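Contents: one structure, followed by commentary.
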There are 2 protein chains.
Amino acid sequence: MKYVHSCMIRGDGGRTLRAILDQICNKWTLLVVATLDAGTLRFKELHQRIPGISQRMLTLTLRNLERDGLVSRTVHAEVPPRVDYELTETGRSLLEPALALAGWAIEHVPQIEASREAYKKA
Amino acid sequence: MKYVHSCMIRGDGGRTLRAILDQICNKWTLLVVATLDAGTLRFKELHQRIPGISQRMLTLTLRNLERDGLVSRTVHAEVPPRVDYELTETGRSLLEPALALAGWAIEHVPQIEASREAYKKA
DNA sequence: GCCCCTTGGTTACTATCGGGAAGTAACCAC
DNA sequence: GTGGTTACTTCCCGATAGTAACCAAGGGGC
């Protein structure tokens with residue numbers, strides 16, 4: 001619809017949009033944002049709540065989110081170190097479409113798995 | 001919210017969901033689905049309407065979408081060959097959340113770019 | 001002091017992915 | 001048989017994702 005059209009209208013042929021879509025719309029970014037829906041969380045809490053993510057990937061994902069202004073990072077000068085991550089206002093605005101997509105995925109997992117099975121046999 | 005929770009509840013610790021999210025939620029899949037909003041399209045039409053995608057990536061993306069039952073592929077025995085791609089009903093149900101995310105990205109491109117500039121300088 | 005623990009990373013390395021160019025198969029018009 | 005179109009496939013290589021191991025700064029027990 002109009003979104004797709006405006007994607008073409010941009011001067012760079014949508015390159016910027018594609019680059020940003022590529023970063024926003026990936027497994028880890030989506031899961032981190034969805035997890036931060038719970039509020040302020042520490043690095044380790046995020047690591048525990050997102051099964052399967054490695055420390056490195058969590059670090060990189062958080063850095064990108066921070067750079068893009070979707071997540072704020074607060075370091076407390078304590079021992080053991082304490083770093084808090086929280087969604088910014090922009091980050092919270094991503095929550096709705098992100099959860100919509102995640103919800104769609106959850107709803108359609110059985111259907112997709114069935115389709116894959118059928119495809120494999122054919 | 002409940003989506004994130006049910007993601008954890010699954011027996012495999014959300015591995016299946018993550019794998020599916022990873023495939024649904026990437027640049028090319030999203031753009032192909034959004035482009036097929038226009039209706040039935042041929043391979044070449046898709047290639048032209050999605051600037052920046054390579055033939056290889058378009059082929060792979062379409063194969064995955066077909067395998068997952070989101071896109072139907074119809075080969076016409078004509079010369080020159082004609083292959084039509086169309087969203088299935090499941091595919092069309094993805095349209096709404098996909099366009100919502102794409103819309104979010106388009107709306108926030110300037111903000112994100114500004115944030116990146118500020119981050120680079122700091 | 002000495003050792004181990006926790007937290008929040010970083011480093012080094014490997015595997016997989018994506019892009020670009022070139023090749024292929026099928027058929028037609030000239 | 002030469003060139004053209006369409007829808008792919010194959011190959012190479014650089015970039016990116018992911019895994020495992022390591023590190024620094026204390027705190028607490030002994």
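Proteins come first, then strands; the chains are lettered A, B, ... in the order of their sequence lines, and each starts at number 1. Since this is a predicted model, take the numbers as computed values, not measurements.
Applying the salt bridge (Lys or Arg N to Asp or Glu O under 4.0 Å) rule to A/Glu117 yields the partners A/Lys120; only residues at least two apart in sequence or on another chain are considered. Residues meeting the side chain to side chain donor-acceptor pair (under 3.5 Å) test with B/Thr90, sequence neighbours left out: A/Gln111.
Side-chain contact between A/Leu101 and B/Cys25: present, with at least one pair of heavy atoms (C-beta onward) separated by less than 4.5 Å. Residues B/Ser54 and B/His47 fail the side-chain proximity criterion, which asks for heavy atoms closer than 4.5 Å. Counting only heavy atoms from C-beta outward, the side chains of B/Pro51 and A/Arg18 approach each other to under 4.5 Å. The shortest distance between side-chain heavy atoms of B/Leu36 and B/Leu46 falls below 4.5 Å.
The nearest whole Å value for the distance from the CZ atom in B/Phe43 to the C1' atom in D/dT9 is 10 Å. For the pair B/Lys27 NZ and D/dA17 C1', the interatomic distance rounds to 14 Å; values are reported in whole Å. In this structure, A/His76 places its NE2 atom 17 Å from P of D/dG26, rounding to the nearest Å.
No hydrogens or angles considered: a donor-acceptor pair under 3.5 Å links the side chains of B/Asn26 and B/Thr29. Donor-acceptor pairing under 3.5 Å is recorded for the side chains of A/Arg67 and A/Gln23.
With a cutoff of under 4.0 Å to any heavy atom of chain B, the contacted region of DNA chain C is bounded 5' to 3' by C/dG18 to C/dC28.
Contacts between residues 53-62 of chain A and DNA chain D, counted as heavy-atom distances below 4.0 Å, involve A/Ser54, A/Arg56, A/Met57.
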Which atom pairs, donor and acceptor, lie under 3.5 Å between side-chain atoms of residues 75-86 of chain A and protein residues at least two apart or in another chain?
{"residue": "A/His76", "atom": "NE2", "partner": "A/Asp84", "partner atom": "OD2", "Å": "3.0"}
{"residue": "A/Tyr85", "atom": "OH", "partner": "A/Arg73", "partner atom": "NE", "Å": "3.1"}

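Atom CG of B/Leu62 and atom CH2 of B/Trp28 lie 12.5 Å apart (nearest 0.5 Å).
Rounded to 10 degrees, the angle separating the terminal helix axes of the helix from C/dG1-D/dC30 to C/dC30-D/dG1, each built from five base pairs, is 20°.
Look at B/Arg63 and you'll find a side-chain N or O under 4.0 angstrom from OP1 or OP2 of D/dC8.
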